[in-house]
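Whatever order the structure lists ligands and atoms in, that order sets their numbers, starting from 1.
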Amino acid sequence: MIRTRFAPSPTGYMHIGNLRTALYEFLIAKSQGGSFILRIEDTDQERFVEGATDVIYKTLEMAKMPHDEGPDVGGDYGPYIQSERKNDYLKYALELVDKGEAYYCFCTKERLDSLKNENGNETIVKYDRHCLSLSKEEIEENLKNNVPYVIRQKIKDGKTTFHDEVYGDITVDNSELEDQILIKSDGYPTYNFANVIDDHLMNITHVVRGAEYLSSTPKYNLLYEAFGWDIPVYVHLPAVMKDKHNKLSKRNGDASFQDLIEKGYLPDAIVNYIALLGWSPSVNQEIFTMDELIKIFDIKGLSKSPAIFDIEKLTWMNGEYIKKMDFDEFFSWVEPELKSAITRTDIDLKKVATYVKTRIGTSKDIANMVSFIDNLPEYSTELYIHKKMKTTEEMSLNNLKEILPVLESIEENNWNNETLYSKMVEKIQSMEIKNGQMLWPVRTALSGEPTSPCGASELAELLGKADTLNRINKGIELLSK
Ligand code: GLU
């Protein structure tokens with residue numbers, strides 16, 4: 001059975017690239033009836049961030065990617081927490097020491113730093129294997145005296161070849177690999193060690209992760225070999241890019257799931273969009289439900305070229321999801337936006353919601369779109385000129401003057417879209433003009449904007465009789481200047 005795992009480090013932040021990794025892991029497992037496991041990789045105690053695990057749960061919950069199995073937390077599954085499994089790792093590291101595949105290293109930080117300085121290069125410096133040659137007695141003496149130590153992997157000579165589902169066959173010369181630390185001086189395993197042990201113990205069949213781990217994979221394979229364990233299927237994913245040259249980073253302000261939610265995107269649309277960020281379905285379709293994705297997902301569609309995160313495409317897709325959304329759900333989602341943009345209490349917010357629903361890309365588009373309701377903006381009379389409708393300022397002035405008494409004559413209790421529309425059309429017909437020649441000036445006078453979420457009669461209904469007449473008068477006044 002296929003088993004995948006999502007293994008985020010709790011950084012308090014869910015990068016879109018990470019969420020995409022989780023999604024592919026989820027889809028690989030679910031498309032084959034397999035299991036998707038959540039493992040929190042928190043062994044880097046220096047990077048501990050309060051509340052960060054909650055961000056991970058919350059995101060997976062909103063993204064509708066529930067994990068299978070895990071420790072029981074009150075009838076529910078908790079995730080596996082790496083730091084709670086501390087002792088296991090040491091046991092496995094000691095097994096490697098016994099086998100001659102790993103060794104104790106007592107080098108001090110000063111000594112390691114001096115290696116860097118000698119090398120004159122701060123970043124790339126391989127450990128010089130100083131402690132590999134310690135005698136058994138020296139090691140025992142150090143351990144007895146509680147000299148702090150780490151355990152390092154002993155990389156053997158030769159070449160390592162492995163297959164990746166996305167990148168193909170990769171071969172590296174082991175001389176390029178460092179004797180990496182497996183257990184740190186605080187007793188915690190490094191990510192590099194813990195991921196191998198955990199993936200094996202959890203029977204993970206497919207390891208899916210960012211391509212930045214590709215270069216470490218040979219070291220992991222040497223560990224699997226040293227233990228005599230099966231090597232999982234590897235699926236490394238290219239980075240999500242902001243543009244051709246830059247990765248999508250925290251600094252962009254829209255690199256995380258949370259950023260996007262705050263900017264008015266829907267979880268389902270985000271998930272749909274990121275599914276296509278580096279994966280091509282076998283059908284010509286862009287909008288997929290999670291169930292459809294599960295049905296159709298195939299590793300073969302994954303691409304090794306970096307995917308560029310296109311916020312406009314996401315906004316388009318979000319708009320499609322908004323259009324399809326159940327109205328009540330939509331209304332409760334946007335009610336706070338509407339309430340803060342419209343403080344007038346005589347406005348039917350549900351009506352406004354109906355009008356904006358088909359016109360927005362994100363819920364944050366609403367405020368701008370409806371601000372004219374509270375306050376008619378200062379506008380230029382040029383707005384009355386509409387080429388297609390063949391309107392001019394002069395004609396608009398005339399038509400507004402013509403429609404004013406018609407509107408005045410409509411009783412308050414008849415002030416609704418249908419009546420307003422039919423009365424206006426009646427007038428239009430009697431004047432023998434085109435609909436737009438009347439409706440455009442009215443719409444403009446009522447909104448003071450080049451576009452509005454609904455037409456003239458709907459606007460009039462929304463604003464109410466008194467305000468409608470006021471705004472028409474204001475238009476007449478402006479056009480008369
Ligand atoms: N904790 C690692 C990360 O967040 C996981 C990498 C992996 O999936 O193996 O990048």
Can you check whether T289's main-chain N or O pairs, donor with acceptor, with D268's side chain at less than 3.5 Å? no
Short list, please: which atoms of ligand 1 are under 4.0 Å from a heavy atom of E41? 1 (N), 2 (C), 5 (C)
Starting from atom 5 (C) of ligand 1, locate the nearest protein heavy atom and write down its residue, its atom name and how far away it is, to 0.1 Å. A7 O, 3.0 Å
For ligand 1, which is the ligand I care about here, please tell me if P8 has any N or O atom under 3.5 Å from one of the ligand's N or O atoms. no
Atom indices of ligand 1 within 4.0 angstrom of S9 heavy atoms, with elements: 1 (N), 2 (C), 3 (C), 4 (O)
Residues E69, R3: salt bridge by 4.0 Å N-O rule: yes
With sequence neighbours excluded, residues passing ring pair (Phe, Tyr, Trp, His ring centres under 6.0 Å) with Y92: F227, W229
Regarding Y89 and D198, do their side chains bring together a donor and an acceptor under 3.5 Å, going by distance alone? yes
Less than 3.5 Å apart, any donor N or O on the side chain of S303 or S305 sitting next to an acceptor on the other? yes
Sub-3.5 Å N/O-N/O distance, R5 and ligand 1: yes
Report the residue from L214, T160, T161 that forms a side chain to side chain contact (heavy atoms under 4.5 Å, CB included) with I170. L214
Any idea which atoms of ligand 1 are less than 4.0 Å away from a heavy-atom of R209? 7 (C), 8 (O), 9 (O)
Atoms of ligand 1, numbered as shown, that sit under 4.0 Å from any heavy atom of Y213: 2 (C), 3 (C), 6 (C), 10 (O)
Quick one: nearest non-hydrogen protein atom to atom 6 (C) of ligand 1, plus distance? Y191 OH, 3.2 Å
